[in-house]
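Worksheet for the structure shown next.
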Amino acid sequence: MQSLFFQGFGLSAGLIIAIGAQNAFVLSQSVRRNRPLLIALICASADVLLIALGLTGVGSVVASSPRLAAWAAWGGALFLIVYGAAALRSALRGAALEPDHDALPGLRELLLGTLAVTFLNPHAYLDTLVLIGSIGGQYPLEQRWIFGSGAVAASLAWFLLLALGGPLLAPLFRRPISWRLLDAGVCVVMWRIAFGLLRDRWPLM
């Protein structure tokens, strides 16, 4: 059971810990001390909703069909391999995050911006509804929610880390080497999970 929790945790962490619009937005507002906890809770709550929908909707449909489950496993593994390769490429190329220091947006603008970078991001749906949902949907109901709780825990931990540690993290992640190491770790996590999926479908691996 613990392995399922940490598999969900590792998959979710690998998917959300990357340079992107949402993380840059959360971190930049955290550096400015502009309601970072509110933003983090909105982002984490959105992930809870999407992961739950994936596990009960897409995941359930996939789990009910062995053929769909097989396609989901192979498709998920392929996606993870490509995603890991992209993270490796980013690690090799290097990147840096430079949060803005313009005037602080008001509460309304802040909420709209948070919702926009969350729900207008196609990767959010791909990561939660499709990937996490379909992989988690292959397990029995009780195990599925253990897997999902690990994914949710990773999301909550990451956004709280950005919110509470933003002022400390911002100077660190202005250094390309920090993102190189982070992206390299994402690559390792993604490829390890992909290998596990392929090994389950192809025991000789």
Side-chain angles (χ1 to χ4, degrees), residues 1-27 29-30 35-60 62-63 72-73 76-77 79-80 83-84 87 114-115 117-119 121 123-166 168-169 172-173 178-179 181-197 200:
M1 293 298 182
Q2 287 184 348
S3 64
L4 283 174
F5 178 90
F6 287 112
Q7 183 181 6
F9 189 98
L11 175 60
S12 180
L15 291 172
I16 65 175
I17 301 175
I19 295 178
Q22 189 182 50
N23 286 338
F25 182 82
V26 176
L27 182 57
Q29 298 307 314
S30 177
R35 298 182 175 90
L37 285 177
L38 175 62
I39 297 174
L41 290 176
I42 292 174
C43 293
S45 297
D47 276 359
V48 171
L49 173 63
L50 293 175
I51 290 171
L53 288 175
L55 292 174
T56 58
V58 175
S60 297
V62 171
F79 177 82
L80 291 171
Y83 195 101
T114 304
L115 293 174
V117 297
T118 300
F119 290 108
N121 178 10
H123 288 289
Y125 299 97
L126 181 62
D127 294 347
T128 53
L129 285 173
V130 178
L131 188 58
I132 295 178
S134 61
I135 292 177
Q138 299 178 71
Y139 299 112
L141 186 60
E142 180 182 352
Q143 296 180 7
R144 187 183 310 170
W145 291 111
I146 294 174
F147 176 89
S149 66
V152 167
S155 173
L156 181 60
W158 174 247
F159 286 121
L160 286 178
L161 177 63
L162 288 180
L164 299 176
L168 297 176
L169 289 173
L172 175 66
F173 284 102
S178 300
W179 284 112
L181 294 174
L182 189 59
D183 284 330
V186 169
C187 174
V188 171
V189 170
M190 295 296 98
W191 282 359
R192 182 174 181 179
I193 295 174
F195 177 79
L197 288 172
D200 291 341

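In this chain, residues are counted from 1 in sequence order.
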*Take Cys43 and Ile39, measure what side-chain contact (heavy atoms from CB on, under 4.5 Å) needs, and give me the verdict at the end.*
CA-CA 6 Å; Cys43 293; Ile39 297 174; 4.3 Å; yes
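In terms of heavy atoms, Trp145 sits closest to Ala52 at CH2-O, 4.1 Å. Scanning all heavy atoms of the two residues, the minimum distance from Asp127 to Leu131 falls at O-CB, 3.5 Å.
Ile132 contributes atom CD1, which lies 8.0 Å from atom CG of Leu55 (distance to the nearest 0.5 angstrom). Note that the CZ atom of Phe159 and the OG1 atom of Thr118 stand 6.5 Å from one another [nearest 0.5 Å]. Distance check, rounded to the nearest 0.5 Å: CG of Leu168 to OG of Ser30 gives 9.0 Å.
With sequence neighbours excluded, no residue forms a side chain to side chain donor-acceptor pair (under 3.5 Å) with Thr114. With sequence neighbours excluded, no residue forms a side-chain contact (heavy atoms from CB on, under 4.5 Å) with Leu41. The side-chain contact (heavy atoms from CB on, under 4.5 Å) search around Val152 returns Val48, Ile51, not counting sequence neighbours. Checked against side-chain contact (heavy atoms from CB on, under 4.5 Å), Leu37 has the following partners two or more places apart in sequence or in another chain: Leu160, Ala163, Leu164.
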Output side-chain donor-acceptor pairs under 3.5 Å for residues 189-196, partner residues at least two apart or in another chain, one line each.
from   : atom 1 : to    : atom 2 : distance (Å)
Trp191 : NE1    : Ile81 : O      : 2.9

Atom pairs and distances, donor-acceptor, side-chain atoms in residues 4-14, under 3.5 Å, two or more places apart:
from  : atom 1 : to     : atom 2 : distance (Å)
Gln7  : OE1    : Tyr139 : OH     : 2.8
Ser12 : OG     : Ala151 : O      : 2.9

